[in-house]
Trainee: 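Okay, here's the structure, questions in a sec.
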Amino acid sequence: MAKIRFHLAVIAAKLTGKLIRLLGRKGSHNPGVVALKICPNFMDLAPRAKLVVCVTGTNGKTTVSNMLTDALLVTGRKVVSNRAGSNIVPGCVTNLVNSLSWTGKCAVDATVFETDERASRLILPHLKPDYMIVTNLSRDTLKRNAHTDYIFSVIDTYCPETVKLILNADCTCSSQLRPGNDRVFFGVGAQPGDHTEPYNLIADNTLCPKCGTKLQYEYLRYNHIGKVKCPECDFASYEAKNLATVIDGENGTLSVTMNGESARFKLISEMMHNVYNQMAILTLLDEIGTDKAMIEKIFDTIRLPDIRFNETQVGKLSLVMSMGKGQNSVSVSRNFDFVANEPEDKTVILDMDDPFDRRKSVEYMGWIWDVEYEQLCRDNIKQVLITGPRCYDHKARLLLAGFPEEKILCVMDEMEAMDHVLLEGVEKIYLIFDCTTLDLANRMKAKLLGIMEGKK
Amino acid sequence: MRIEILYSDLCCLYGDKGNTMFLRKCLPEAEFIETPLNGKPAFLEGDVDVVYLCSMSEKSQELVLSRLMPYRDTIAAMAKEGRTLFFFVGNAYELVGQYIQREDGSKVDALGLFNIYTKRQTPNRFNSLMKIGFGEMTLLGFTSRFSHSYGLTSDIAMGRVEAGSGENPTSKLEGIYSGSVLATYLSGPVLVSNPHFAHWFLRRIGAPLDKLPCEEILLQAYEQRLKDFTRDDLEMA
């Protein structure tokens, strides 16, 4: 009976996917819903690909799973991933459906599952991946993810003991996951400009998990990410098997120590969080036995997903779309850090309001107070244009950070706001948007590009 | 003016730093003391005007209680009267009760200042907007937690909930304002998001201001939220 249900579920889910795609939508969620309705234990019954990888963590999981999928494609494998959409249970089941033939046989070499960390309790015990990459754990939206202790406990409890974990040695939280499992660590070694004391507004997990003493950093990158030891007990960061040693932005290369040997690859992105993402991918590739020449080819080929970050030049002006994660103070602060440190004179547009909350609720504005608006207090930021219903809350935070009031403009309606973007006296315009506002952000982009064309 | 922030390495989850960030702007002459988890609280030596403790994880609640319980009698005496205001925000509220019941039924003793108690329900996250009548003021905010509290009575309650949920989904009472304790389930930057309440708070601690920093924009933000709270189709979670 279970087998009949499973086969019916495969066919029904595939038909649903086809129908939804005919209607012009992605169909990344509903096929999974249909499959689970017919066969609740679909994930347990579906045949597995030779390689099953889950990617989770607070920040970077979409980037890593996208680039990892591309990397595996470069190796010649047939791969499916849920990169098109949902990373909760129905999205993962849809991905599984996509890995199967109509007769329910596995039709791919590898499946990559971007896995929501909170939903991982419902996914990991059933998928039982060969590998799980955990990019990092830091604070996220309070409504869903509560705090890192909770997310840590979810992954730690529900990750099967057979899974080999690929962990960030520099994350004092996620590196402590599942000590009984096989684990391999990646990291980024000491770099010029590193700190040795927490300097960000938010730095969770800076106390020793064994004795509660404040940890000492050999080097600290941002938030709580760095190499630590406890001055009072034997707690210390794990040693990374694969370590980035030299990040050469000028020449676009990344030097690493891999299994004790030196190697050099193309640098995918200078942004430090993306160096960690690249090291996570490198470590997975190394674990599955990819040789150095192939890794070189992969890093020469793959690039950051456009959806996260893209730039359009119009005459002398450039519009940069930079996706953040609304209600995630660490993600938005990293975004601010990058934008603020870019040397050009610029305008910054904020489109951060949550579209679900705005529909019938009022977004919790507390997270704004964990975001480092202080980063934006630079002379070369000529205007901050804030949009959405909570624009005044953002403005209050920006003012208390010390940003000059005369350079702030609040326009609640996002599309109308595009008429007020400062274009004169700047070289770049950064539109920082929440990942759930992509459609709106693209409409804002289209309107703004039109205005920029007109002024060319 | 001396303001002690207890265990800020652990207890700062939901934008709660906004309160002290704001107080630092309001009171530039004040001394702010950040007490680490393994440090001795400054208020035990006296001469502290405000003790501020805010949101933390459930695991951290137990760590914090392990540090504060040795001083329970001193805290109880100070909470009844005295100049030190204990300002507890978010689930720090739960620490002033008798106990916290874990999901498995076992209990952790809390400070026992009031006859309330808490039951955890992890992984069921409870989210709710909150609109609270406190004196002549209307406080706007949000609660997000893995627990509910019970036993609050109107004589010690900080306010009545006009929209959303109180200490538990069936209660209309929220928070405690009694003696020298001001404790609320509201998360995060309650002072910044409620400028009228910020004025009241500053008067209560003996540091009134004619005008708050950025008062106009704080009021504008508050009014916009108040307007959004009155929409007919408002969903509380």
Side-chain angles (χ1 to χ4, degrees), chain A residues 118 121 139 141-154 157 198 201-209 211-215 232 329 356-371 374 389-402 405 408 410 412, chain B residues 7 9-10 12-19 21-22 24-25 36-38 55-60 63 66-67 90 122-123 125 127 129 140-146 186-190 192-193 195 213-214 216-229 231 233-237:
Chain A
R118 186 168 171 260
R121 73 191 172 97
R139 68 176 60 187
T141 160
L142 90 163
K143 284 167 77 170
R144 293 189 68 250
N145 290 31
H147 44 68
T148 51
D149 281 350
Y150 171 60
I151 295 300
F152 181 94
S153 74
V154 169
T157 305
L201 189 54
I202 297 308
D204 296 319
N205 310 295
T206 54
L207 300 184
C208 175
C211 70
T213 305
K214 194 167 182 179
L215 293 167
E232 295 294 328
S329 54
F356 303 104
D357 275 347
R358 80 158 57 178
R359 217 166 283 154
K360 287 186 176 176
S361 188
V362 184
E363 181 176 330
Y364 173 64
M365 43 68 72
W367 73 276
I368 295 170
W369 293 84
D370 282 343
V371 176
E374 287 75 8
R390 300 278 73 80
C391 59
Y392 304 125
D393 289 302
H394 287 272
K395 181 176 177 181
R397 175 70 186 90
L398 197 48
L399 284 176
L400 282 168
E405 183 162 17
I408 307 173
C410 288
M412 211 174 284
Chain B
Y7 316 132
D9 289 323
L10 279 182
C12 59
L13 279 186
Y14 306 131
D16 317 74
K17 280 191 177 178
N19 289 317
M21 211 185 285
F22 186 61
R24 284 177 206 266
K25 295 279 182 191
L37 183 67
N38 289 347
S55 308
M56 63 201 95
S57 71
E58 292 65 36
K59 188 174 150 192
S60 298
L63 276 174
S66 75
R67 302 305 195 268
T122 316
R125 190 80 173 153
N127 295 305
L129 293 170
L140 303 176
F142 194 81
T143 184
S144 186
R145 58 196 198 229
F146 282 126
L186 285 168
S187 294
V190 290
V192 197
S193 49
C214 309
E216 290 85 358
I217 190 68
L218 292 179
L219 283 168
Q220 205 174 356
Y222 173 86
E223 292 299 333
Q224 182 61 41
R225 258 179 281 120
L226 187 61
K227 188 178 155 198
D228 292 345
F229 263 76
R231 54 196 287 180
D233 59 349
L234 185 69
E235 288 178 0
M236 303 313 291

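Each chain gets a letter, A, B and so on, in the order its sequence line appears, and its residues count up from 1.
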Trainee: Shortest non-hydrogen contact from B/I217 to A/Y392?
Mentor: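 Shortest heavy-atom contact: CG1-O, 3.6 Å.
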Trainee: Do B/S57 side-chain atoms and A/H147 backbone N/O form a donor-acceptor pair below 3.5 Å?
Mentor: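 Judged by distance alone, no pair lies under 3.5 Å.
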Trainee: Say whether, by atom type as modelled, one donor and one acceptor occur between the side chain of A/R144 and the main chain of B/R125 under 3.5 angstrom.
Mentor: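 Judged by distance alone, no pair lies under 3.5 Å.
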Trainee: Do B/S60 and A/D149 touch side chain to side chain, with heavy atoms closer than 4.5 Å?
Mentor: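 Counting from C-beta outward, B/S60 and A/D149 do come under 4.5 Å.
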Trainee: Counting C-beta onward and ignoring hydrogens, is there a side-chain heavy-atom pair between B/Q224 and A/R390 closer than 4.5 Å?
Mentor: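 In contact.
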Trainee: Using heavy-atom distances under 4.5 Å, tell me whether A/S361 contacts chain B through its side chain, its backbone, both, or neither.
Mentor: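 Both backbone and side chain.
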Trainee: What part of A/D393 is in contact with chain B, defined as an atom under 4.5 angstrom from a non-hydrogen atom: side chain, backbone, both or neither?
Mentor: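 Looking at A/D393, backbone and side chain both touch chain B.
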Trainee: Using non-hydrogen atoms and a 4.5 Å limit, figure out which bit of A/C391 sits close to chain B: side chain, backbone, both or neither.
Mentor: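 For A/C391, neither part sits under 4.5 Å from chain B.
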Trainee: With the side chain counted from C-beta on, respond yes when B/C12 and A/R139 share a heavy-atom pair under 4.5 Å apart, and no when they do not.
Mentor: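 Result yes, sub-4.5 Å side-chain heavy-atom pair found.
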Trainee: Do A/L201 and B/M21 have side chains that get closer than 4.5 Å, going by heavy atoms?
Mentor: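 In contact.
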Trainee: Pair A/Y364, B/Y14 - check ring pair (Phe, Tyr, Trp, His ring centres under 6.0 Å), show working.
Mentor: CA-CA 10 Å; A/Y364 173 64; B/Y14 306 131; 7.2 Å; no
Trainee: Can you confirm whether B/L234 sits close enough to A/V362 that some side-chain heavy atom of one is under 4.5 Å from a side-chain heavy atom of the other?
Mentor: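 Side chain of B/L234 against side chain of A/V362, heavy atoms only: contact under 4.5 Å found.
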